[in-house]
Amino acid sequence: MKNEELATAMNGQWPMVNDQYNHIAICAHVNPDGDAIGSSLALKHYFERKGKEATVVVPNIFPDFLKWMPGADCILIYTNPKHQEQIKSAIGKADLIVVCDLNQPNRFADLEKDIMQSPAPRFLIDHHLDPADFCQVTVSHPEMCATGEVICHLLHQRGELDDISINEAICLYTAMMCDTGAFSFNSNRAVIYEYISHLLAHGIDKDQIYRNVFWTASEARLRLQGYLLYVNMKMLHDRHTAIITLTNDERRRFKVKNGDTEGIVNMPLQILGLRLSIFINEDTEHPGTMKLSLRSVGDFPCDQMASRFFGGGGHKNASGGKLQCSMPEAIEKVKAAIDSYADMLK
Ligand code: 5GP
Ligand code: MN
């Protein structure tokens, strides 16, 4: 089917009620965050309510602080050997693949080949800038705060926002809350709060959701935070930039669990005048790979720096990338990248 025909068959932008699709695989990006997991699970609950079979598949593990979410225990994880068979079967029989919260197929990491080789049409729902052309239908809204908001918008357009279940509402709220730091950045558009008022009307406990995600920490996480800020945070004062590092050796020393480092990269931005914060984090699943998280305040383009220097991308104020090298080499490369933006950072 050609794009336009498919789009029509998919009922404009929203294939969900089209009887043609009954086995749906929902796939999100590597290192799935709250928006990726929340949006994917919201879609799963939605499709199941419509009587369809829907499976969420992600490339690798997601943080412990998202495990309470309704449906999270059914998520299939590509790096888990026990899930391999089910993933093969779910993608094998999928007649539709919904791609959630990513803009390039390489963001599927190890899952990319299986998804891109499937004959099922792909339907992208996302909010990252400049989506690549790899799906038959693309719904991309970079102005929106989260993929969760894109889904609220689509449901609202269809007049379905009042019909959703409480589980859909919980997942959509969590998705938007996570991508906006609990509505503390990228969250000034009034319509977000109109959607939230619908979600509250479905009975969600937003205070409990906040505690589950942002105010639940292990002793290890708190001690790690102290250590990273006190010992490992290096300030480049003349560049208004902070760099924090974490190796797998340190991770073992602090008994760090998956998700314990979430949000660390934002902490230096509390310092008045700071413009850029970079967290260099050795990959637990691929030792020797350094994952980079970039955060900025104001106009500094993290996405540009991430794509020019770290093979990554993202949003203007929040991006990520990777380097294949040792930690000391990564620090040098990061400093060189920062120096090349000296004009903007002075
Ligand atoms: P985080 O620092 O939380 O891992 O990622 C921040 C943002 O950057 C997210 O919106 C994520 O989608 C994006 N991002 C992270 N890593 C990559 C990457 O390797 N490539 C691209 N294109 N975007 C990334
Ligand atoms: Mn997102």
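Counting starts at 1 for both ligands and their atoms, in listed order.
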How large, to 10°, is the angle at the Mn ion (ligand 2) when you draw lines to OD1 on Asp101 and to NE2 on His127? 90°
Per residue Asp35, nearest N, O or S atom to the Mn ion (ligand 2) is named OD2
Report the atom name of the nearest N/O/S atom of Asp179 relative to the Mn ion (ligand 2). OD2
More than 12 heavy atoms of other groups within 6.0 Å of Arg251 CZ: yes
Heavy-atom count around Asp299 CG within 6.0 Å, excluding the residue itself: above 12? no
Quick one: look up the protein heavy atom nearest [atom] and list residue, atom name and how far away it is.
{"atom": "atom 15 (C) of ligand 1", "value": "Gly320 CA, 3.3 Å"}
{"atom": "atom 11 (C) of ligand 1", "value": "Arg107 NH2, 3.4 Å"}
{"atom": "atom 2 (O) of ligand 1", "value": "Ser293 OG, 2.6 Å"}
{"atom": "atom 7 (C) of ligand 1", "value": "Ala318 O, 3.4 Å"}
{"atom": "atom 13 (C) of ligand 1", "value": "Gly313 O, 3.6 Å"}

Does the distance from a Lys or Arg side-chain N to an Asp or Glu carboxylate O, for Arg223 and Glu219, drop under 4.0 Å? yes
Hey, are Lys257 and Asp64 close enough for a salt bridge, meaning a charged N less than 4.0 Å from a carboxylate O? yes
Sub-3.5 Å N/O-N/O distance, His29 and ligand 1: no
With respect to Arg189, which candidate in Glu194, Glu143, Glu149 satisfies the side-chain hydrogen bond (donor to acceptor under 3.5 Å, both in side chains) definition? Glu149
Using a strict 4.0 Å cut-off to heavy atoms of His315, name the atoms of ligand 1 that fall inside it. 10 (O)
Identify, by atom number and element, the atoms of ligand 1 in contact range of Gly314, meaning under 4.0 Å from any of its heavy atoms. 8 (O), 13 (C), 23 (N)
Side-chain donor-acceptor pair under 3.5 Å between Glu53 and His23, yes or no? yes
Measure the CG-CZ distance between Asp126 and Arg107 for me, rounded to the nearest 0.5 Å. 9.5 Å
Separation between OH of Tyr210 and CG of Asp207, rounded to the nearest 0.5 Å: 10.5 Å
Worked verdict on Tyr21 versus Phe123 for ring-ring contact (aromatic ring centres under 6.0 Å, His included): CA-CA 12 Å; Tyr21 304 109; Phe123 174 67; 9.1 Å; no
Ligand 1 versus Arg295: contacting region, heavy-atom distance under 4.0 Å: side chain
Please work out whether any backbone atom (N, CA, C, O) or any side-chain heavy atom from C-beta onward of His128 is under 4.0 Å from ligand 1, and answer side chain, backbone, both or neither. side chain
